[in-house]
Protein chains: 2
Amino acid sequence: MAFTERSAATRTSILTAARKLLVERGFEGMTIRAVAERVGVDPSMVMRYYGSKAGLFSAAVDVDLRLDQVEQRPPLDRLGELLVRHFLARWEGDLSDDVLILLLRSASTNPMAAERMREVFAGQIAAQVARLTGAGDAEHRAGLVSTQLLGLALTRYVLRFPPMVEADTETLVREIGPVVQHYLTGSGITA
Amino acid sequence: MAFTERSAATRTSILTAARKLLVERGFEGMTIRAVAERVGVDPSMVMRYYGSKAGLFSAAVDVDLRLDQVEQRPPLDRLGELLVRHFLARWEGDLSDDVLILLLRSASTNPMAAERMREVFAGQIAAQVARLTGAGDAEHRAGLVSTQLLGLALTRYVLRFPPMVEADTETLVREIGPVVQHYLTGSGITA
DNA sequence: GTCTATAATTCGATAGAC
DNA sequence: GTCTATCGAATTATAGAC
């Protein structure tokens with residue numbers, strides 16, 4: 001193998017291009033050829049570095065939600081607001097390659113992406129909900145939270161519904177935060 | 001042209017098969033060949049009847065949400081519950097070819113599907129919200145409602161998150177209905 | 001109306017020269 | 001490490017026989 005520094009840079013460039021194409025076009029739209037063209041290398045290089053399209057895809061989605069960046073002990077009654085703000089901040093970045101958006105676009109047609117989505121949900125969101133609220137029905141509550149957060153991502157970044165695209169982040173935090181809060185700690189939620 | 005009755009039946013069979021494939025695999029997965037095979041005809045017949053893949057797709061998504069089936073003058077404070085129940089009833093049917101689910105799976109990678117989704121949203125959901133609530137910010141409220149309803153459809157039918165798949169419909173109506181109600185008529189919602 | 005045959009693309013993947 | 005050349009498969013779409 002013996003990759004040079006030059007090739008290491010190419011390697012990460014390929015990964016970045018792959019992520020952007022996944023965000024823009026989904027799994028089928030991220031072709032080996034399109035990735036190579038965007039980076040400015042030969043398609044065979046992409047194969048050499050990542051073995052196959054599946055290998056490239058796996059490498060592209062191997063990131064976590066960084067939910068640990070949410071404070072360790074946040075006030076329980078502001079958890080909903082913090083979650084909405086955290087996800088919006090991730091998605092808004094100029095880096096338009098957030099993993100959740102990318103998975104969202106790929107999961108509709110690619111079983112690997114759907115499975116990875118379920119893992120992220122169960123392993124990260126549900127786990128954090130259980131840790132922070134100590135609720136016994138954490139999985140069910142995390143599921144409800146996911147419907148709202150993924151629904152927001154879907155309409156704002158994938159489907160691009162005008163009212164959701166135009167809304168500023170503070171408005172969304174103020175309006176959707178309480179709903180997430182209700183799913184997390186409200187009464188009347190029973191699995 | 002002069003289609004016989006036999007061919008008219010084939011024509012609708014093709015449309016049904018196309019819808020089911022769109023639900024199962026999304027736009028790229030619905031190939032002319034796969035549709036033809038499922039119906040038991042030659043691929044060229046599909047082309048003959050619908051001209052192109054785009055033509056078949058357009059025909060497959062040309063349906064409405066039947067929101068008129070919601071009562072003309074429902075109690076305003078039960079609107080959220082009614083909406084959630086209405087959509088769940090549509091999606092649960094043995095007809096696993098609901099247009100909204102189908103569009104949801106296709107819109108991630110197909111611009112036509114995304115555009116059709118926006119049209120459905122603006123022309124049907126937002127219009128009904130405006131008619132029923134008379135709110136001036138109906139578009140914004142309808143957008144919020146869409147995040148929750150589409151998020152539910154996404155996690156339950158496309159991503160198949162276990163907690164959302166396992167929940168029975170009455171539980172979902174009871175838990176999500178109030179949220180939709182809040183988006184429709186609650187205070188603190190401002191565009 | 002239904003089918004065969006095939007053109008024209010596009011894709012993932014491999015072999016091998018340099 | 002990087003490239004050319006190419007294979008084999010799948011797809012949309014068309015032409016035309018019957």
Side-chain angles (χ1 to χ4, degrees), chain A residues 1-61 102 105-106 108-113, chain B residues 1-61 102 105-106 108-113:
Chain A
M1 297 292 174
F3 294 119
T4 67
E5 285 162 23
R6 172 79 180 82
S7 74
T10 300
R11 204 181 152 80
T12 61
S13 296
I14 289 173
L15 210 55
T16 302
R19 290 212 181 93
K20 293 197 173 171
L21 278 169
L22 281 169
V23 170
E24 294 168 16
R25 309 185 202 172
F27 185 80
E28 286 84 3
M30 181 207 69
T31 66
I32 300 285
R33 289 167 145 86
V35 170
E37 186 184 18
R38 190 165 291 202
V39 178
V41 300
D42 193 88
S44 63
M45 292 306 301
V46 179
M47 294 295 296
R48 180 173 172 81
Y49 283 132
Y50 291 97
S52 67
K53 177 168 178 172
L56 176 57
F57 179 78
S58 292
V61 300
L102 170 171
R105 231 183 240 277
S106 306
S108 303
T109 51
N110 186 265
M112 275 192 301
Chain B
M1 295 298 169
F3 293 118
T4 67
E5 286 163 22
R6 172 80 180 80
S7 74
T10 301
R11 205 181 152 80
T12 60
S13 296
I14 289 173
L15 211 54
T16 302
R19 290 212 183 93
K20 293 198 173 170
L21 278 168
L22 282 168
V23 170
E24 294 168 17
R25 309 186 201 170
F27 185 82
E28 287 85 2
M30 181 206 70
T31 66
I32 300 285
R33 288 168 142 82
V35 170
E37 186 184 18
R38 190 165 291 201
V39 179
V41 299
D42 193 88
S44 65
M45 291 306 301
V46 179
M47 295 295 295
R48 180 172 171 81
Y49 283 131
Y50 292 97
S52 68
K53 176 168 178 172
L56 177 56
F57 179 79
S58 293
V61 300
L102 168 174
R105 228 182 243 278
S106 306
S108 303
T109 52
N110 185 266
M112 275 192 300

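Heavy atoms only: backbone and side chains are in, while hydrogens, waters and symmetry mates are out. Proteins come first, then strands; the chains are lettered A, B, ... in the order of their sequence lines, and each starts at number 1.
Listed by chain and number, the residues in a side chain to side chain donor-acceptor pair (under 3.5 Å) with A/S106 amount to none (sequence neighbours excluded). Residues that satisfy the side chain to side chain donor-acceptor pair (under 3.5 Å) test with B/S44, not counting sequence neighbours, are B/D42. Qualifying side chain to side chain donor-acceptor pair (under 3.5 Å) partners for A/R33, counting only residues two or more places apart in sequence or in other chains: none.
Of the residues in residues 50-58 of chain B, those with a non-hydrogen atom less than 4.0 angstrom from any atom of DNA chain D are B/S52, B/K53.
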If you look only at distance, which donor and acceptor atoms sit under 3.5 Å apart when one is on a side chain in residues 50-61 of chain B and the other is two or more places apart or in another chain?
unit_1 : atom_1 : unit_2 : atom_2 : d
B/Y50  : OH     : B/R11  : O      : 3.0
B/S52  : OG     : B/A54  : N      : 3.4
B/S52  : OG     : B/G55  : N      : 3.1
B/K53  : NZ     : B/F27  : O      : 3.0
B/K53  : NZ     : B/M30  : O      : 3.1
B/S58  : OG     : B/A54  : O      : 3.1

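Taking only side-chain atoms of A/T31, from C-beta outward, the nucleotide of D/dT2, D/dT11, C/dC11 with the closest atom is C/dC11. In this structure, the nucleotide among D/dA13, C/dG12, C/dC3 sitting nearest to the side chain of B/V41 is C/dC3. Distance from the side chain of B/Y49 is smallest to C/dT2 among C/dT2, D/dC3, C/dC11. The side chain of B/M45 sits closest to C/dT2 out of D/dA13, D/dC3, C/dT2.
Nearest heavy atom pair, residue A/V39 against residue A/A17, reads CG2-CB, 3.6 Å.
With rounding to whole Å, A/E28 atom CD is found 16 Å from D/dA10 atom P. Between the CE atom of B/M30 and the P atom of D/dA10 there is a distance of 18 Å, rounded to whole Å. Per the geometry, CZ belonging to A/R48 stands 18 Å off C1' belonging to C/dG12, to the nearest Å. Note: CD (B/E37) to C1' (D/dA10) measures 13 Å, nearest angstrom. One interatomic measurement links the two molecules: CE of B/M47 to P of C/dA5, which rounds to 19 Å at whole-angstrom precision. D/dT2 atom C1' lies 16 Å from atom CZ of A/R11, rounded to whole Å.
A heavy-atom distance below 4.5 Å is not found between the side chains of A/R25 and B/T109.
Although no hydrogens or angles enter the test, the distance criterion places no donor-acceptor pair under 3.5 Å between the side chain of A/S108 and the main chain of A/R105.
One finds a salt bridge joining B/E24 and B/R38 here, because a Lys/Arg side-chain nitrogen approaches an Asp/Glu carboxylate oxygen to under 4.0 Å.
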Practice item. Kindly indicate, with the supporting measurements, whether the criterion side chain to side chain contact (heavy atoms under 4.5 Å, CB included) is fulfilled by A/I32 and A/M47. Key: CA-CA 8 Å; A/I32 300 285; A/M47 294 295 296; 4.0 Å; yes
Enumerate the protein-to-nucleotides 4-8 of chain D contacts in which both atoms are nitrogen or oxygen and the separation is below 3.5 Å.
unit_1 : atom_1 : unit_2 : atom_2 : d
D/dT4  : OP2    : A/D42  : OD1    : 3.3

